[in-house]
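Note sheet for the following structure.
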Amino acid sequence: MSILPRDFYARDTVIVAKELLGKNLVRLIDNKIVSGVITETEAYRYKDDPASHAFVGMTERNKAMFGEVGRAYVYFTYGMYHCFNVVARGHKFDAGAVLIRTMKPQKGISEMMKNRNTNKISNLTNGPGKLTQALQITKKHYGVDLARRTELYITNGKIISAKIIAGRRIGIKTGIEKNWNFKIEI
DNA sequence: AATCGGATCGTCT
DNA sequence: GACGATCCGATTG
């Protein structure tokens, strides 16, 4: 499997969000591969998107969204969970990221079960907080380069011919008219 | 099946 | 000082 090149992320955030569906998210934990196929994403852009963390301008938390594309933007929320995003934007915007909400587990399932404290595969990575828990993604991965083969990266999946379902983004109060939540059923 | 409240703390005003 | 780009278990219908 080849790693997605930086160019992949240097396009409009909404396009990248759609195209990340079906790709493999790979995490190395103690030299063991833990991975899955991305099945749901959300695009968060910049000045045209009041729901985006970047909307208010650059802060200590969101500065990764303004940084190099192809890197991780991880933030802590609700006092207990982390959310994992990939920085992506086209030339029209100075900030943007794609939230990875869900994936279908492939490798390292027992490791994920341990991290999530459940043996139900369907409950391992079916939500943004669950996914980071299963993959042990925390703020220490803030800014990690996903376009290089390190402990967290994204590769081309098999060609998946699945219909992309667009809908409203979850858990936000503004910008709800934008259908920037994308998923596939595989 | 749908709804509700509690957990818990970093981040921003 | 208030509030989440959430999850879970309990309760209700």
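We name chains A, B, ... by the order of the sequence lines, and we start the count at 1 in each one.
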(request) Give a yes/no on whether any side-chain N or O of A:T59 is located under 4.0 angstrom from OP1 or OP2 of B:dC12. (result) yes
If pairing means Watson-Crick or G-U wobble with both distances under 3.5 Å, then the partner of B:dT8 is none
**Request:** Assign A:R169 to base, sugar-phosphate, or nothing according to its heavy-atom contacts below 4.0 angstrom with the strands shown.
**Result:** nothing
When rounded to whole Å, the OH to P distance for the pair A:Y46 and C:dA5 reads 18 Å
Decide ring pair (Phe, Tyr, Trp, His ring centres under 6.0 Å) for A:Y44 and A:H53; before the verdict, give the C-alpha distance in whole Å, the side-chain angles of both, and the deciding distance to 0.1 Å. CA-CA 8 Å; A:Y44 287 91; A:H53 285 169; 7.2 Å; no
A:I100 atom CD1 is separated from C:dT6 atom P, nearest whole Å, by 14 Å
Side-chain atoms of A:N123 come closest, of B:dC9, C:dT6, C:dC8, to C:dC8
#### Entry: A:Y78 ring over C:dT6 six-membered base ring, under 5.5 Å and 30°
yes
| said: With a 4.0 Å cut-off on N to O distance, would you call A:E151 and A:R27 a salt bridge? | reply: yes
*asked:* Does A:Y44 reach a base, just sugar-phosphate, or nothing at all? Heavy atoms under 4.0 Å.
replied: base
Under 4.0 Å, counting only non-hydrogen atoms across every strand here, what does A:G79 touch: a base, just sugar-phosphate, or nothing? base
Discussion item. For a quick check of understanding: with a heavy-atom distance under 4.0 Å over all strands, which category does A:I170 fall into, base, sugar-phosphate or nothing?
Written reply: sugar-phosphate
Among B:dC9, C:dA5, B:dC12, the one nearest any side-chain atom of A:R101 is C:dA5
_The test is ring pair (Phe, Tyr, Trp, His ring centres under 6.0 Å); show your working for A:F84 and A:Y75 and say whether it passes._
CA-CA 7 Å; A:F84 168 63; A:Y75 65 89; over 10 Å; no
To the nearest angstrom, the NE2-P distance between A:H53 and C:dA5 comes to 4 Å
Is it true that A:K163 and A:E185 make a salt bridge, defined as a side-chain N closer than 4.0 Å to a carboxylate O? no
From the candidates C:dC8, C:dA5, B:dT13, the one with an atom nearest any side-chain atom of A:V56 is B:dT13
Notebook entry, point to check: Going by ring centres under 5.5 Å and near-parallel planes (under 30°), is A:Y75 stacked on C:dA5?
Noted result: no
What I'd like to find out is whether the side chain of A:N156 reaches to under 4.5 Å of the side chain of A:N24, using heavy atoms alone.
no
To the nearest angstrom, the CE-P distance between A:M58 and B:dC12 comes to 12 Å
Separation of C:dA5 atom P from A:E42 atom CD, nearest Å, is 11 Å
Separation of C:dC8 atom P from A:K120 atom NZ, nearest Å, is 11 Å
Using only side-chain N and O atoms of A:R116, determine if any of them is under 4.0 Å from OP1 or OP2 of C:dC8.
yes
- Does A:K173 have a side-chain nitrogen or oxygen under 4.0 Å from the phosphate oxygens OP1 or OP2 of C:dG4? yes
By the Watson-Crick or G-U definition, both distances under 3.5 Å, C:dA5 is matched with none
A:K130 NZ to B:dA7 C1', in whole Å, measures 16 Å
Whole-Å distance, A:M80 CE to B:dT11 C1', equals 17 Å
- Message: Around atom NZ of A:K183, are there more than 12 heavy atoms from other residues, nucleotides or ligands closer than 6.0 Å?
- Response: no
Looking only at side-chain N and O atoms, does A:K139 come under 4.0 Å of OP1 or OP2 in B:dT11? yes
